[in-house]
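In what follows, every heavy atom counts, from backbone to side chain, and hydrogens, waters and symmetry copies are set aside. Because the structure is predicted, anything quoted here is derived from the model rather than measured. Whatever order the structure lists them in is the order used to number ligands and atoms, beginning at 1. Numbers here are sequence positions counted from 1.
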Amino acid sequence: MICLGIESTAHTFGVGIMDENGKILANAKDSYTTEQGGIHPTEAKNHHIACKDKVVEDALKEAGITMDDVDLISFSQSPGMAPCLVIGMEKAKELARKYKKPLIGINHCIAHLEIGRKLCGCEDPVMLYASGANTQIIAYEGGKYRIFGETLDNGIGNFLDGFARYMGMGFPGGPKIYSLALEGKEYIELPYVVKGMDVSFGGIQTNLKQKYDSGKFSKEDLCYSCQETVFAMLVEVSERAMAHCEKKELLLGGGVACNKRLQEMCENMCKARDAKCFLPPNGVLVDNGAMIAWEGIIEYKSRGADKIDDLDIKPYERTDDVKVEWR
Ligand code: AMP
Ligand code: MG
């Protein structure tokens with residue numbers, strides 16, 4: 001079985017093609033970026049409209065197949081920015097109708113977890129999902145992917161991008177903060193905000209902006225201190241979730257998980273508690289179509305296709321709204 005998956009929750013229009021053994025046949029994408037400022041939903045939507053046909057073509061070409069070889073189409077139905085989600089869904093419906101293929105809607109967060117499980121070969125991990133809009137600590141318990149901790153305000157990526165934007169850098173800011181942090185020497189104390197199993201970034205953002213405006217601290221030291229602080233918060237709650245659920249595996253997901261310092265801190269924590277840390281390749285950490293295709297295959301096998309006419313986007317669906325019938 002070959003599945004073509006379409007991702008369009010936010011900045012990236014991605015088309016991935018997977019076979020049922022978990023082989024990535026293609027993972028094409030086009031991402032909206034800016035020189036200055038963050039993601040404007042209407043501009044991101046227009047970006048997706050402009051590139052969608054080309055990205056589908058690119059993926060088919062990369063896989064060396066035609067639509068006739070595709071057995072199933074999947075798309076990211078939730079959660080995400082509604083104007084962006086609609087474009088992916090409409091493209092998926094158009095292809096499903098034109099080529100008479102079954103269609104299935106997928107939860108983006110769960111797709112991150114399942115592609116990680118497949119590619120890394122881990123069984124039953126706690127996932128630290130650190131992306132632009134989402135920051136969640138997720139683990140499988142009692143038939144669902146439960147959220148054991150999460151951000152109470154911004155996602156970590158949006159937080160990092162917001163601070164980068166404040167310093168005059170465009171989107172995405174995460175990689176720029178990472179590079180500046182490498183040059184940082186002095187740790188500047190920042191608020192450390194863990195509440196129970198949850199984290200919050202709003203107060204840290206304000207504090208960082210005030211410190212930046214004071215002119216007393218270098219960008220490099222601020223970026224370094226920012227990363228050390230907020231990543232420590234994520235590692236703390238991930239570790240507590242692992243202890244609580246008695247799980248011995250940590251899986252990373254989301255674009256911010258590409259950050260080498262976050263990866264290192266997670267690996268150190270796992271080593272200290274005799275657990276294993278799994279780092280999927282960057283191509284599936286960031287938003288991508290391959291994970292949507294893979295999740296399409298495993299969900300189709302357990303619950304079959306959705307009815308095309310009934311399908312709509314679910315911008316606010318939560319990870320634990322989905323009944324996990326395939327495990
Ligand atoms: P996602 O929404 O999962 O695609 O993640 C997007 C977030 O990941 C943005 O906030 C980016 O700044 C961040 N990001 C993407 N690539 C990297 C990277 N190589 N290093 C650090 N952060 C990154
Ligand atoms: Mg994501």
For ligand 1, which atoms sit closer than 4.0 Å to a heavy atom of G157?
10 (O)
So for atom NZ, which belongs to K276, do other residues, nucleotides or ligands contribute more than 12 heavy atoms lying within a distance under 6.0 Å?
no
How far does SG of C226 sit from CG of D221, to the nearest 0.5 angstrom?
12.5 Å
Nitrogen or oxygen atoms of Y178 and ligand 1 under 3.5 Å apart:
no
Euclidean distance, D30 CG relative to D58 CG, rounded to 0.5 Å:
8.5 Å
Contact atoms of ligand 1, heavy-atom distance to H11 under 4.0 Å
1 (P), 2 (O), 4 (O), 6 (C)
Find all atoms of ligand 1 within a distance of less than 4.0 Å from any non-hydrogen atom belonging to G254, and give their numbers and elements.
3 (O)
What do you reckon, does P175 put a non-hydrogen atom under 4.0 Å from ligand 1?
yes
Here's one to test your reading of the geometry: is the NZ or CZ of R261 within 45 degrees of the ring axis of Y178 and under 6.0 Å from its centre?
no
Answer yes or no: does atom CD of E94 have more than 12 heavy-atom neighbours from other residues, nucleotides or ligands under 6.0 Å?
yes
Taking distance alone, with N or O pairs closer than 3.5 Å, would you say N158 contacts ligand 1?
no
In terms of atom number and element, which parts of ligand 1 are under 4.0 angstrom from non-hydrogen atoms of G132?
1 (P), 2 (O), 5 (O), 6 (C), 7 (C)
Does the shortest distance from the Mg ion (ligand 2) to an N/O/S atom of C109 fall below 2.8 Å?
no
Output yes when the distance from some N or O of ligand 1 to some N or O of N282 is under 3.5 Å, and no in every other case.
no
Tell me, yes or no, whether the heavy-atom count around K314 atom NZ, taken from other residues, nucleotides or ligands under 6.0 Å, exceeds 12.
no
Identity and separation of the nearest protein heavy atom to atom 19 (N) of ligand 1
C258 CB, 3.4 Å
Would you say ligand 1 has an N or O under 3.5 Å from any N or O of V256?
yes
L152 backbone acceptor or donor facing D198 side chain under 3.5 Å:
no
Heavy-atom nearest neighbour in the protein, as seen from atom 10 (O) of ligand 1, with distance rounded to 0.1 Å:
D161 OD2, 2.7 Å
Polar-atom distance check: P172 versus ligand 1, any N or O pair below 3.5 Å?
no
Y129 OH to D287 OD1 via the Mg ion (ligand 2), rounded to 10°, gives 160°
For atom CG of D274, decide whether the heavy atoms of other residues, nucleotides or ligands shown that lie under 6.0 angstrom number more than 12.
no
Full working for ring pair (Phe, Tyr, Trp, His ring centres under 6.0 Å) between F13 and H47
CA-CA 8 Å; F13 194 91; H47 164 271; 8.0 Å; no
among protein heavy atoms, the one nearest atom 8 (O) of ligand 1 is G255 C, 3.1 Å
From the N, O or S atoms in H108, identify the one nearest to the Mg ion (ligand 2).
NE2
Closest heavy-atom pair, D161 versus P172, reported as atoms and distance to 0.1 Å, is OD1-C, 3.8 Å
